[in-house]
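One structure is given below, encoded as structure tokens.
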Amino acid sequence: MSKDIKTQVVVLGAGPGGYSAAFRAADLGLDVVLVERYNTLGGVCLNVGCIPSKALLHLAKHIEDAKHMSAEGIEFSEPKIDLDKIRKHKEKVIGQLTGGLDQMSKMRKVKVVNGLGKFTSDTSLKVEGDDGETVINFENAIVAVGSQSIKLPFVPHDDDRIWDSTDALELPFIPDRMLVLGGGIIGLEMGCVYSALGSKVDVVEMTDQLVPPADKDIIKSFMKQISGKFDNIMLNTKAAKVEAKKDGIHVTFEGDKAPEKPVKYDAVLVAVGRAPNGAKIDADKAGVKVTDRGFIEVDKQLRTNVKNIFAIGDLVGQPMLAHKAVHEGHVAAEVISGQKHYFDPKVIPSIAYTDPELAWAGLTEKEAKEQGVDYEVAVFPWSASGRAIAQGATAGMTKLLFDKNNRIIGGATCGPNAGELLGEICLAIEMGCDAEDIALTIHAHPTLHESIGLAAEVQEGSITDMP
Ligand code: FAD
């Protein structure tokens, strides 16, 4: 017999979008049920995304740093890799965070129902769980069912040497030779991890640059710093055939940098993007429109075409990032509680937590051109930064974009800790700062974030001589 629950708000999916929406709605005094098909909260981000990848990248960075200190006079012996301990460390980090979410749901009296949820009408959901079926009758729903890795039709995904990001994060083994198929952020982050652990890593990317959304000049700086980590970066090239054979995965390439013969790999990571889960929740039974690609369209209040049903996170479009999902979740909950809020940010920062990091926010130069925005660019190369010289990061750069009124509209950095530096650029754009505001802000010396102040001084024409 099925259980029946009545609630003011049901949230379907407990990733960063879903749990943030549920918590905000509960904080606003609403009665909330959170539905999640897995037994842990946190979604892709906490369990198989942002957090485990960063735990591994942190270890990888230590290995890389130790490798490269001999020129400065310090030599370490070869690192001994204990994959079991690394896996345990990663699981501990995940557990700490997902456990924290359990506590927070309890504190807020958010009722968690585990099981696969599907709509049965515009006011009801059916959840199939291990302990039977639950029917949830709701006044409002927030759909946050996220996305999953895209599979390629010509790739034998059932072979355990062919990985998606979730498989790669499990660290099944350290391949001698590995191919990262797709030169986007997720593939490159995992490529950096495996390269540090000892794999020879090739990267194949169909377009003419790694991380296609970023500007060419910042990618030039990125390539200078990252190319040593990878054996072969094949741009303008695609994997045309992937065959799983006994002795390895044989990949045939086509394009500018394609090797003449198929190349044999011990593992292939397919990282060609993520597809939304919109088509899997019987949205039609609630009257909610889903696009051919599985996205759900929403307005600036995150409302779908059905008045009492909202959608957030990866499910509603690019950029598929956790912080975007969180902010959307907050807005959806606030709108349901009667507040007149909108999701209308000036910046949604993007960061590749590779080694080096690559980070950008606001308009890129590409976007400024496409949108016909009048802009000026100010660049501060890290070869002129005392701190960057001291830590051997002279190939890094900071770039700011200003509009015709000298107001900052975008920015990007590449080098160690670039992601941390980006916070200042985001705030400056949201606050509508002009170049003078940034240039007159005293930045501590010697820091890498000083490069942001110095780029603004370049724009002001008032650059000083202090590197
Ligand atoms: P998700 O996190 O996908 O959560 C959706 C939840 O819904 C899941 O828990 C799922 O089990 C549940 N669900 C789905 N269908 C149902 C159903 N029918 N019934 C019940 N439950 C259901 N983003 C960043 O901002 N920074 C990063 O560093 C970063 N690193 C990443 C690294 C990797 C390897 C990957 C794969 C992604 C990374 N991302 C990163 C992206 C980030 O994880 C996503 O943007 C984010 O998790 C999206 O949140 P969400 O709430 O929309 O959905």
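Order of appearance sets the numbers: ligands from 1, and atoms from 1 within every ligand. These figures come from a predicted structure and were not determined experimentally. Numbers here simply count residues along the sequence, with the first being 1.
A donor-acceptor pair under 3.5 Å links the side-chain atoms of Ser121 to the main chain of Thr123, judged by distance alone. Remark: side-chain polar atoms of Ser20 are not paired, donor with acceptor, to backbone N or O of His330 under 3.5 angstrom. Using modelled atom types, one side-chain atom of Lys90 and one backbone atom of Leu169 make a donor-acceptor pair closer than 3.5 Å.
Between Tyr19 and Phe23, the ring planes lie tilted relative to each other; the angle falls in the 30° to 60° range. By the 30° and 60° cut-offs, the orientation of the rings of Trp163 relative to Tyr194 is tilted.
With distances taken over non-hydrogen atoms, the option nearest atom 15 (N) of ligand 1 out of Ile185, Val145, Leu169, Ile312 is Val145. With Ala311, Ala14, Cys45 as candidates, the residue nearest to atom 47 (O) of ligand 1 on a non-hydrogen basis is Cys45. Considering each of Gly18, Gly146, Ala271, Gly115, the one bringing a non-hydrogen atom nearest atom 53 (O) of ligand 1 is Gly146.
The atoms of ligand 1 that sit less than 4.0 Å from any heavy atom of Gly117 are 17 (C), 18 (N), 19 (N), 20 (C). Taking every heavy atom of Gly13 and a limit of under 4.0 angstrom, the matching atoms of ligand 1 come to 6 (C), 7 (O), 12 (C). Atoms of ligand 1 found under 4.0 Å from any heavy atom of Gly313, numbered from 1 in the order shown, are 52 (O). Against a heavy-atom cut-off of under 4.0 Å, Ala144 is close to the following atoms of ligand 1: 5 (C), 6 (C), 7 (O). Using a 4.0 Å cut-off to heavy atoms of Tyr353, the atoms of ligand 1 that qualify are 28 (O). Ligand-side atoms of ligand 1 in range of Leu321: 23 (N), 24 (C), 25 (O), 45 (O), range being under 4.0 angstrom from any heavy atom. Taking a cut-off of under 4.0 Å to the non-hydrogen atoms of Met320, the atoms of ligand 1 that pass are 41 (C), 45 (O). Residue Tyr38 approaches ligand 1 through these ligand atoms, each under 4.0 Å from one of its heavy atoms: 11 (O).
If you look at Lys54 next to ligand 1, the close heavy atoms, those under 4.0 Å, all belong to the side chain. When non-hydrogen atoms are compared, ligand 1 lies under 4.0 Å from the backbone of Cys50 as well as from its side chain. Residue contacts with ligand 1, taken as heavy atom pairs separated by less than 4.0 Å, involve Arg274 solely via side-chain atoms from C-beta onward. Residue contacts with ligand 1, taken as heavy atom pairs separated by less than 4.0 Å, involve Ile281 solely via side-chain atoms from C-beta onward. Residue contacts with ligand 1 for Leu12 involve side-chain atoms from C-beta outward but no N, CA, C or O (heavy atoms, distance under 4.0 Å). Contacts with ligand 1 closer than 4.0 Å are made by side-chain heavy atoms of Ile186 only, the backbone lying farther away. Of all the heavy atoms of Ser147, the ones lying under 4.0 Å from any atom of ligand 1 belong exclusively to the backbone.
Summary of contacts: the protein heavy atom closest to atom 48 (C) of ligand 1 is Asp314 OD1, 3.2 Å.
Note on ligand 1: Leu315 sits outside its first shell, no heavy atom being nearer than 4.0 Å.
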